[in-house]
Visitor: 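Okay, here's the structure, questions in a sec.
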Amino acid sequence: MSSLLAEKKILFGITGSIAIYKTVDWIRSLVKEEAQVKVVMTEAATRFVTGLTFAALSGNRVYESMFDPLDQELIPHINLAREADLILIAPATAQTIARLAHGLAEDLLSAIVLASRAKIMICPTMNSQMYNHPATKQNLATLKKYGYTVIEPESGLMACGEEGPGRLPEWPMVHKKILESFTPQDLRDKSILITAGPTHEPIDPVRFLGNRSSGKMGYALAATASRRGADVTLVSGPVNLAPLPGVKTIQVKTAREMHHEVLNCFNDADIVIKAAAVADFRPEIEADQKIKKSDSATSLNLIPNPDILFELGQLRKTRKKPLVLVGFAAESDNHLEEGRRKLKEKNLDLLAINDIMAADSGFDVDTNRITLLSRNGGEEELPLLSKEETAMRIWDQVVKL
Ligand code: PMT
């Protein structure tokens with residue numbers, strides 16, 4: 001799947017803050033995602049890093065002045081303003097924020113913003129005292145009134161040695177906001193509960209029964225729902241995936257813990273998707289000492305775990321608040337019959353059947369091939385897609401419901 005940012009024209013405004021060095025990697029990431037990046041630097045910014053660095057990284061010349069002899073016919077502030085899909089100003093100093101709030105156009109970057117119809121995204125970055133000053137607060141409030149996206153700075157140790165708000169946010173959060181600005185916010189204000197990953201059912205202090213779920217499908221669902229504006233809670237079994245910015249994640253190990261957390265969050269959720277591979281069984285006895293090796297065979301008596309999805313299907317019958325309930329089915333054979341049975345039996349609105357026998361779909365791979373069954377009899381077979389694209393298609397169906 002080509003990146004959402006492919007061919008998107010991002011004008012990257014850079015101003016005079018020591019945090020400039022972090023944006024070098026940001027530009028590399030955007031270019032890797034096939035975005036077309038053009039950098040505009042304020043005069044102060046050129047005191048920290050030369051334009052040469054950003055020209056090399058972006059693959060485009062860097063613009064620093066309204067009156068560069070190279071641009072006589074270009075009228076840079078107008079043309080750069082017109083072609084941009086998104087203007088990202090990071091780091092954004094108090095000075096540039098003040099200029100933008102007062103509609104000044106005394107340098108190339110502020111003139112471009114004033115002349116542009118593009119989405120504007122600002123990352124305020126400065127000493128905490130400056131950030132907390134009423135003038136800066138007032139200017140940022142004005143920018144929000146203009147409809148600009150202001151990404152709150154992080155708190156922590158600043159270059160000036162002080163602690164507090166004003167640090168440039170980490171890339172994953174800004175990257176998520178950039179993707180969001182190109183994504184229809186059709187899940188805005190929806191509260192969504194998602195489960196992901198395997199569960200670990202302990203045998204003794206060091207051993208457990210697990211499965212091959214990596215959590216990728218559930219995490220893709222959470223990331224894409226959050227990008228589409230939803231308020232996402234992710235109940236995750238043990239996985240090796242980076243935490244998702246802007247997604248509330250609750251880590252669990254066993255099916256019982258997952259059961260507990262899901263029931264805790266269930267009433268607030270408008271939509272529930274259960275992508276976790278929950279163990280159907282657990283050892284009847286969890287030994288409190290490591291089971292010693294022995295030559296004779298050892299048997300393990302297994303007892304059933306709560307079927308969380310089934311229980312939600314029951315609970316929804318007495319719930320006032322509307323709900324969209326979506327399950328997954330990991331089937332190895334007679335997918336459709338099994339899927340239709342589960343859809344009915346568990347009282348679902350949608351069921352995603354993934355073929356777990358194919359090497360490129362289901363557990364632990366980056367792609368999936370699913371068939372979507374819906375309560376109204378709809379049946380949609382999706383081609384092999386990335387798990388992110390699969391998630392987007394599932395949300396498209398959910399939005400229709
Ligand atoms: O995590 P990945 O590596 O990306 O792999 C993705 C996946 C294959 C795990 C995922 O796409 C998937 O199919 N998840 C469901 C796996 C599973 O448990 O399928 P099932 O047919 O056994 O369960 C059916 C449904 O009931 C699932 O929604 C499951 O979350 C739910 N369930 C199952 C057992 C149980 N005790 N409680 C449940 O809620």
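In this text the structure is predicted, and so the values were computed from the model without any measurement. Remember, it's 1-based here, ligands and their atoms both numbered in the order they're listed.
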Visitor: Quick one: list whatever passes ring pair (Phe, Tyr, Trp, His ring centres under 6.0 Å) with W171, sequence neighbours left out.
Guide: W26, H175
Visitor: Could you pull out every protein residue that has a heavy atom closer than 4.0 Å to ligand 1, ordered by chain and then number?
Guide: S213, S214, G215, K216, M217, K274, A275, A276, A277, V278, A279, D280, P306, D307, I308, L309, G327, F328, A329, A330, K342, K346, N354, G362, F363, D364, N368, K387
Visitor: Considering the options K38, K9, K8, which one meets the salt bridge (charged side-chain N to carboxylate O under 4.0 Å, His left out) requirement together with E83?
Guide: K38
Visitor: As an exercise, state the distance from CD1 of I273 to CG of L234, rounded to the nearest 0.5 Å.
Guide: 11.5 Å
Visitor: Holding to ring pair (Phe, Tyr, Trp, His ring centres under 6.0 Å), I want the full list of residues that pass it with F48, two or more places apart in sequence or in another chain.
Guide: none
Visitor: By the ring pair (Phe, Tyr, Trp, His ring centres under 6.0 Å) test, which pairs, at least two apart or in different chains, include something from residues 128-167?
Guide: Y146-Y148
Visitor: Using a strict 4.0 Å threshold on nitrogen-to-oxygen distance, state whether D396 and R228 make a salt bridge.
Guide: yes
